[in-house]
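Side chains included, hydrogens not; waters and symmetry mates left out as well; all remaining heavy atoms used.
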Amino acid sequence: MIEFSPAIEELKAALAGASEPRRQFDLLTALAWHLGLRHPVEAVRQVEQALQLARDHEADDWPTQRCLAVLGLNQRLHCNNEQAISLFDRAEDEALRNEDWRCRTMILNERAQLALTENDFERALQLLDSSADLIRRAGEYPYGCRMIEATVYSRRGMFVRALEIHLEIAEWGRDIDNIEIEAICYHNIANIHLDILDYNNCRAWQKRALSLFRRKANRVCEVLSLAQLADIERRQRRCEQARILYLETLRLLRKYGLDSYEQAHLINLAAMHYQLKEYSEARRRLERSASLGLQSGEEEKLAQVFLLLGMVDMAENKPSDALRHLQQARAYGEGAQADHFLWQIHRELYNYHRRYGGADEELRHFKQYSELCQRVLGFKVQQQVATLLSMYAQRLQASEHQLLVRRQDELQRELQRKDEELAALARHQIQLRESLLQLRREVQDCFQDKRESERQLLESLLAEVGRQEEMSRGWQEFESQFEAVHQDFQERLSAAAPTLLPAERKVCALLRVNLSSKEVAAMLQISIATVNTHRQRIRKKMGLTAGENLVAELLRR
């Protein structure tokens, strides 16, 4: 994974313009630290210059702990862990004495990286916590710690957690308007998706990273992003697209003078040619890569080069060359302790002896291949399975959440429909009562001037109107249906305003189904003024302010 560091060119430019010795010393140590990950040999040269500068000026108080820390980093990169630990111990003692918290955080992070190489994830996380605590106490964001923490979780197979950390860092990068940090996080997110063979997401995130790197004019990261896009196309057997991207990457490497990255890119380009059975072109790329690797002394890349050369030799039926190249690959792989390549080398050696004879060697390499494959791929498969399970659990949770939201929407719509039915029932009863009242008034108007027989008929008609009127009052019917729809409304109302009177509770129920004050008055056979008085008292008892709406508050209950 890429980690952010100030541009090396900027540090070199500042160093060239520095005249004061202490300033030169600080720039040399900073430059050495940032060169350490990619150019360890040059980093040591910068350290030696810094230490010589300190000796020339007899400056015992200069922070030489940083020089020791860089040397420890160099030893860690060369797998000399005991020497690295010894240097880190000395550097940390000096850092404590000089109260150099920045150097202490660097050392804690490097110790975490050492723990990571030994798969001691808990120890790594403890060291990172200590480092982050120092940085936060200084009022800064623990960028480097969080990046390494994401690597730890990724190595443990906890890819979802690693993705969350990178997204958090990307958000911080946006907040401080640092495009490069944001882009690096997107690049690392793409790498995680590549680890779990999620090529579509890998491509999408890498394109976002590439766009930002180009905006920032970060040449190294632009090339790395473009190269990974080419690798994705190659893995998905889109060879023509891969070829275009590889050639564009190679052009940019040479344009920007990034010679240190050319070897790795040539290996990937050769792998594509091998996949297309373009063996002569693959050999040409590999021979160029081998010459670059011999100059830099990077054994891991040389192991890859000679492994591919051996595979090309076998494809072209050149057994003596194939065996020689595969044995060279094995020697470099063992020197670099690169188990993640050694299992492939033993697999090809097994295939070689199976094809060209040598049963004992065939069996020996098959056993070594099986052991390494189980150790390396077994862990990787566990990581992928853990990630897939985690992603499945997240998707299941999201699906359940969507079902719950959909169900809640359906319930809300059903509740709204029933409220509308209740309001319609109340309005129907109001209209019926008004019709009966009107009929009563009309009968009474005709009552005075009628004969006895007609009076008896009108009296019986009035009695029937009275019975119908009594039946139409309907509060009990409305109340029973309201309770069926809003079962705990009265309980929640009592909790909010325990001093409400029965008449006020009825007003609340009718307002809850969105009846107007006029309709409430007609339903309860009271005046509109009385309804307004009830509303004022209800607002007071519920503690509502002048800006709060009573009906809206009742609808929430």
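Counting heavy atoms from C-beta on, the side chains of Leu247 and Arg251 never come closer than 4.5 Å. By the 4.5 Å heavy-atom criterion applied to side chains, Ile184 and Met147 are counted as neighbours. Looking only at side-chain heavy atoms (C-beta outward), Arg237 and Gln275 come within less than 4.5 Å of each other. Residues Met311 and Tyr274 are in side-chain contact: their nearest non-hydrogen atoms beyond the backbone lie under 4.5 Å apart. Under the 4.5 Å side-chain criterion, counting only non-hydrogen atoms from C-beta, Asn351 is in contact with Glu348. Asn109 is listed as a side-chain neighbour of Cys145, based on a closest heavy-atom distance under 4.5 Å. Contact annotation: the side chain of Val223 never approaches that of Glu248 to less than 4.5 Å [non-hydrogen atoms, C-beta and beyond]. Looking only at side-chain heavy atoms (C-beta outward), Lys301 and Ser289 stay at 4.5 Å or farther from each other.
A donor-acceptor pair shorter than 3.5 Å cannot be found between the side chains of Arg203 and Tyr199. Checked by atom type, the side-chain pair Arg364/Tyr350 shows no donor-acceptor distance below 3.5 Å.
The line from CE of Met314 to OH of Tyr352 is 8.5 Å long, rounded to the nearest 0.5 Å. Atom CG of residue Leu342 and atom CZ of residue Arg347 lie 12.5 Å apart, to the nearest 0.5 angstrom. To the nearest 0.5 Å, atoms OG (Ser130) and CD1 (Ile135) are separated by 11.0 Å. Here the NE2-CD1 distance, from His325 to Ile345, works out to 13.0 Å after rounding to the nearest 0.5 Å. Atom CG in Leu323 sits 8.5 Å away from atom CD in Glu361 (nearest 0.5 Å). Between the CG atom in Leu108 and the CD1 atom in Ile148 there is a gap of 10.0 Å [rounded to 0.5 Å].
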Evaluation steps, salt bridge (charged side-chain N to carboxylate O under 4.0 Å, His left out), between Arg243 and Glu278 | CA-CA 12 Å; Arg243 187 195 302 274; Glu278 298 171 350; 2.9 Å; yes
List the steps and the verdict of salt bridge (charged side-chain N to carboxylate O under 4.0 Å, His left out) for Arg136 and Asp133.
-> CA-CA 5 Å; Arg136 288 192 179 101; Asp133 185 54; over 6 Å; no
Go through the steps for Asp89 and Arg111 under the test side chain to side chain contact (heavy atoms under 4.5 Å, CB included), then give the verdict.
-> CA-CA 10 Å; Asp89 286 343; Arg111 289 187 188 277; 2.5 Å; yes
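Here the shortest heavy-atom pairing between Arg234 and Ala242 reads N-CB, 3.7 Å. Of all non-hydrogen atoms in Ala162 and Ser154, the two that sit nearest each other are CB-N, 4.0 Å. Taking all atoms of both residues into account, the shortest heavy-atom contact from Ala329 to Leu307 is CB-N, 3.5 Å.
Remark: Trp172 engages Tyr141, Tyr143 in a ring pair (Phe, Tyr, Trp, His ring centres under 6.0 Å) (not counting sequence neighbours). Residues meeting the ring pair (Phe, Tyr, Trp, His ring centres under 6.0 Å) test with His346, sequence neighbours left out: His365. Residues satisfying the salt bridge (charged side-chain N to carboxylate O under 4.0 Å, His left out) criterion with Lys367, sequence neighbours excluded, are absent altogether. Annotation: salt bridge (charged side-chain N to carboxylate O under 4.0 Å, His left out) contacts of Glu281 (sequence neighbours excluded): Arg284, Arg285.
Atom CG of Asp177 is surrounded by 12 or fewer heavy atoms from other residues, nucleotides or ligands within 6.0 Å. At most 12 non-hydrogen atoms from other residues, nucleotides or ligands lie less than 6.0 angstrom from CD of Glu99.
Put simply, the residue from Ile165, Asp120, Leu125, Leu127 that forms a side-chain contact (heavy atoms from CB on, under 4.5 Å) with Val152 is Leu125.
Ion pairing between Glu140 and Arg102 holds under the 4.0 Å rule for side-chain N and carboxylate O. Here Asp321 pairs with Arg324 in a salt bridge; the nearest charged N to carboxylate O distance falls below 4.0 Å. Taking the charged nitrogens against the carboxylate oxygens, Asp231 and Arg235 have no contact shorter than 4.0 Å, which rules out a salt bridge. With salt bridges taken as basic N to acidic carboxylate O contacts below 4.0 Å, one links Glu149 and Arg146. Taking 4.0 Å as the cut-off between side-chain N and carboxylate O, Glu362 and Arg355 do not count as a salt-bridged pair.
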Identify all side-chain donor-acceptor contacts of residues 206-213 below 3.5 Å with residues at least two apart in sequence or on another chain.
residue	atom	partner	partner atom	Å
Gln206	OE1	His187	ND1	2.9
Gln206	OE1	Ser225	OG	2.7
Gln206	NE2	His187	ND1	3.3
Gln206	NE2	Gln228	OE1	2.1
Arg208	NH2	Tyr186	OH	3.2

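The list of salt bridge (charged side-chain N to carboxylate O under 4.0 Å, His left out) pairs with a residue in residues 302-313, not counting sequence neighbours, reads Arg283-Asp313.
Proximity of the aromatic rings of Tyr246 and His265 is defined here by a centroid distance below 6.0 angstrom, and this criterion is met.
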